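Computed over heavy atoms, backbone and side chain alike; hydrogens, waters and symmetry mates excluded. Everything numeric in this text was worked out from a predicted model, so none of it was measured.
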Amino acid sequence: MKNQEAKILIVDDEAIARYAMRKALESMGVEIREAPDGEVALKEIQIYQPDVVLCDINMPKLNGLELLKLLRTMELKRDIPPFIVVVTAYGSEKIAVEAMKAGAFDYLSKPYDIDELRLLVKKILDQIALKRENIALKNQVAQQKGGTIIGSSAAIQKVLRLIDKVAPTDVTVLITGESGTGKELVAHTIHQASHRADGPYVTMNCAAIPKDLVESELFGHEKGAFTGATDRRLGKFELAHNGTLFLDEIADMSLDTQAKILRVLEQKSFTRLGGKDMIRADVRLISATNKDLAKEIERGAFRQDLYYRLKVLELELPPLNKRREDIPLLAQHYLHLFAQRHQKSMHHISSRAMRLLANYHWPGNVRQLIHVIEQSIVLAEGEKLDLDDLPLDIQRTEPADVVETKEDYAFGEKSFTELKDQVVHDFEKKMIKKALLKSNGNVSQAARLLKMKRQFLQAKMKSLGIERMFFINFSNK
Ligand SMILES: Nc1ncnc2c1ncn2[C@@H]1O[C@H](COP(=O)(O)OP(=O)(O)OP(=O)(O)O)[C@@H](O)[C@H]1O
Ligand SMILES: [Mg+2]
């Protein structure tokens with residue numbers, strides 16, 4: 001970790017002791033804050049989020065040991081918790097040991113040697129750097145696992161060819177397509193196939209961030225730039241230096257922000273909010289939207305000049321129902337994935353079920369298909385995913401199959417009683433599903449249709465693994 005990024009908190013009730021320590025550390029270039037007692041320190045640890053806390057033991061209000069013990073019981077929402085070093089009076093080794101037991105990383109006895117202090121801080125910063133690298137590596141591996149583009153359709157094959165061509169360049173790419181068609185997946189794939197793959201991949205969803213925070217998110221801010229800006233913060237452009245910045249849902253950006261982004265793209269530099277320094281960032285920009293930008297331009301909601309800047313290359317992802325031959329491949333791929341994840345031995349999809357999947361219109365595109373497969377797999381049993389296992393709003397598209405008998409009952413290994421139980425089981429499942437389909441997932445209403453007590457129906461649904469959720473027709477709402 002670079003010293004400039006390190007945040008250090010000095011906790012001591014004596015101002016002169018804090019001053020001395022600050023002087024000793026300042027030359028290292030680290031950022032320093034002070035707290036005069038344990039209570040203030042506790043607040044600072046939560047808000048300022050220091051990497052290292054240098055803490056005196058004897059203090060009014062909350063003393064060092066109490067602070068340590070308190071910290072252990074708290075859940076600090078951080079990947080790497082702060083390293084705490086206690087500073088004890090000469091000859092109080094016993095307390096130092098107690099502090100280490102309570103979670104301190106190390107101790108320093110007064111009077112300490114300045115070089116010894118600096119060395120200790122340096123050692124801690126190196127450890128933090130290593131931990132951060134590990135976490136980043138793990139994230140990278142996790143992301144790489146999730147990211148293969150599946151599909152044999154001409155449309156997807158063309159997308160794959162374009163990715164190959166465009167990835168090694170720094171060309172700005174605009175990805176369009178309905179929700180759930182794979183825009184984010186494509187953006188990430190471009191980054192990974194580019195020479196920036198080792199650099200950061202930073203994403204920003206323009207729709208998810210409150211309007212007046214978008215600029216500070218993008219460009220960062222200096223301490224005091226606005227009320228609430230208690231610290232300097234780096235923006236996404238700066239964080240994406242030497243890497244890729246993925247701007248998602250760009251149609252939701254205000255015209256103001258659009259103008260600023262355009263300027264950054266032209267000048268290749270910007271200033272943090274409330275700052276004067278021009279900052280250069282070498283960033284490859286990929287953007288995405290599920291809206292029709294031409295229409296947005298027409299109604300004055302999107303800048304034409306920015307549009308041309310962003311769409312140097314435009315990749316259009318067609319909706320899933322326009323490339324149906326990809327459905328079996330995707331279904332099979334995600335079946336394996338979820339079977340593994342949920343520890344099921346299910347690895348096949350019956351041809352009837354596959355036919356249904358391939359014919360469904362998939363308004364939510366690939367994302368919806370993935371959810372359907374996962375839902376089905378969680379509830380289904382056996383080795384083959386069949387019609388009955390699919391959510392009913394999918395089954396609804398071919399109502400005939402809902403009443404059709406599942407299989408013919410032939411002589412074989414099963415006894416008469418077993419076969420009869422099977423028939424009853426199938427019959428129960430079918431009737432209950434039919435009733436729920438009719439009632440749109442309303443259990444009381446379904447019970448009335450079946451002339452059955454509601455509690456009894458609920459128990460049956462539970463034992464048969466029938467989920468009410470599947471029968472609610474959300475499109476009516
Ligand atoms: N061709 C594909 N092969 C494999 N997985 C895919 C494919 N297309 C999409 N997916 C998966 O589908 C899910 C949805 O894709 P993604 O998040 O990229 O969609 P999106 O277009 O960004 O949607 P939105 O506009 O709603 O943000 C992801 O889990 C993604 O990995
Ligand atoms: Mg997306």
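- The distance from the NZ atom of Lys158 to the CG atom of Leu315 is 8.5 Å, given to the nearest 0.5 Å.
- A centroid separation of 6.0 Å or more is found between the aromatic rings of His188 and Phe246.
- Within the 4.5 Å cutoff, side-chain heavy atoms of Cys55 are placed close to those of Leu67.
- A donor atom on one side chain and an acceptor atom on the other are not found under 3.5 Å apart for Lys7 and Gln49.
- Here the side chains of Leu357 and Ile373 are in contact, with some heavy-atom distance below 4.5 Å.
- Of the possible polar contacts, none joining the His347 side chain to the Gln332 backbone as a donor-acceptor pair under 3.5 Å is found.
- Side-chain contact between His195 and Asp170 is present, with at least one heavy-atom pair separated by less than 4.5 Å.
- Atom-to-atom distance recorded for Leu185:CG and Arg367:CZ is 11.0 Å, nearest 0.5 angstrom.
- The main-chain N or O of Leu390 is found under 3.5 Å from a side-chain atom of Gln395 such that the two form a donor-acceptor pair.
- Side-chain contact between Thr181 and Arg323 is present, with at least one heavy-atom pair separated by less than 4.5 Å.
- Between Ile370 and Tyr334, the closest side-chain pair of non-hydrogen atoms falls below 4.5 Å.
- Side-chain contact between Leu71 and Ile84: present, with at least one pair of heavy atoms (C-beta onward) separated by less than 4.5 Å.
- Note on Arg232 versus Glu222: salt bridge recorded, some NZ/NE/NH1/NH2 to OD/OE distance being below 4.0 Å.
- In this structure, Ile45 and Pro82 approach most closely via the heavy-atom pair CG2-CG, 4.1 Å.
- With a 4.5 Å cut-off on side-chain heavy atoms, Leu310 and Tyr308 do not count as touching.
- The backbone N or O of Ala167 lies less than 3.5 Å from a partner atom in the side chain of Arg284, making a donor-acceptor pair.
- Expressed to the nearest 0.5 Å, how far NE2 of His336 lies from CD1 of Ile377 amounts to 9.5 Å.
- Side-chain atoms of Asp389 and Ser376 include no donor-acceptor pair closer than 3.5 Å.
- Contact between Gln375 and Pro391 at its shortest, heavy atoms only, is OE1-CG, 3.3 Å.
- In terms of modelled atom types and a separation under 3.5 Å, the side chain of Asn63 and the main chain of Leu65 share a donor-acceptor contact.
- Distance alone, capped at 3.5 Å, places no donor-acceptor pair between the Glu428 side chain and the Met461 backbone.
- The backbone N or O of Ala380 lies less than 3.5 Å from a partner atom in the side chain of Lys344, making a donor-acceptor pair.
- What you find for Ala301 and Leu255 is that their closest heavy atoms are O-CD2, 3.7 Å.
- Summarising the geometry, atom CG belonging to Asn321 is positioned 11.5 Å from atom CG belonging to Asp326; distances are rounded to the nearest 0.5 Å.
- We find that Glu238 and Arg272 are joined by a salt bridge, their nearest charged nitrogen and carboxylate oxygen being less than 4.0 Å apart.
- At a threshold of 4.0 Å, the pair Asp282-Arg196 counts as salt-bridged, since one of the basic side-chain nitrogens sits closer than that to a carboxylate oxygen.
- Of the possible polar contacts, one joining the Gln258 side chain to the Met253 backbone as a donor-acceptor pair under 3.5 Å is found.
- If you take CD1 on Ile156 and CG on Leu329, they are separated by 10.5 Å, rounding to the nearest 0.5 Å.
- When every heavy atom of Ser216 is checked against every heavy atom of Leu273, the shortest pair comes out as CB-CD2, 4.0 Å.
- Contact record, Leu457 with Val443: CD2-O, 3.6 Å, taken as the closest heavy-atom pair.
- A salt bridge does not link Lys384 with Asp386: none of the charged nitrogens is closer than 4.0 Å to a carboxylate oxygen.
- Look at Asp231 and Arg33 and you find a salt bridge, because one of the NZ, NE, NH1 or NH2 atoms lies within 4.0 Å of a carboxylate O, short of that distance.
- Contact annotation: the side chain of Leu70 approaches that of Leu62 to within less than 4.5 Å [non-hydrogen atoms, C-beta and beyond].
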Checklist entry - How far apart are the C-alpha atoms of Val312 and Val173, what are their side-chain angles, what is the distance that settles it, and do they pass the side-chain contact (heavy atoms from CB on, under 4.5 Å) test? => result CA-CA 6 Å; Val312 176; Val173 181; over 6 Å; no

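- Under the 3.5 Å distance criterion, the side-chain polar atoms of Glu418 are matched with a main-chain donor or acceptor of Ser415.
- Side-chain contact annotation: His342 with Glu374, donor-acceptor N/O pair under 3.5 Å present.
- Distance check, rounded to the nearest 0.5 Å: NZ of Lys460 to CE of Met431 gives 13.5 Å.
- Side-chain contact of Asn290 with Glu178: a donor-acceptor pair under 3.5 Å is absent, judged by distance alone.
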Checklist entry - Does the side-chain contact (heavy atoms from CB on, under 4.5 Å) test come out yes or no for Val186 and Leu317, once each step is laid out? => result CA-CA 9 Å; Val186 167; Leu317 295 175; 3.9 Å; yes

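- Using the six-membered ring where Trp is involved, Phe237 and Phe219 have ring planes that are parallel, under 30° apart on the 30 and 60° scheme.
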Checklist entry - Given the rule in the side-chain contact (heavy atoms from CB on, under 4.5 Å) test, do Trp362 and Ile327 qualify, once you have shown the distances and angles that lead to the verdict? => result CA-CA 10 Å; Trp362 301 112; Ile327 295 172; 3.6 Å; yes

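- Looking only at distances, a side-chain donor or acceptor of Arg324 sits under 3.5 Å from a matching main-chain atom of Tyr360.
- Considering every non-hydrogen atom in both Leu68 and Ala104, the closest pair reads CD2-N, 3.8 Å.
- For Phe302 and Tyr307, the distance between ring centers is not under 6.0 angstrom.
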Next on the checklist: As a quick check of understanding, evaluate side-chain contact (heavy atoms from CB on, under 4.5 Å) for Leu160 and Gln157, giving each step before the final call.
Outcome noted: CA-CA 5 Å; Leu160 289 174; Gln157 290 304 316; 4.2 Å; yes

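- At least one donor-acceptor pair under 3.5 Å links the side chain of Asn365 to the backbone N or O of Leu320.
- Within 6.0 Å of CZ on Phe226 lie more than 12 heavy atoms contributed by other residues, nucleotides or ligands.
- Classification of Arg132 and Asp51 as a salt-bridged pair holds, one side-chain N sitting under 4.0 Å from a carboxylate O.
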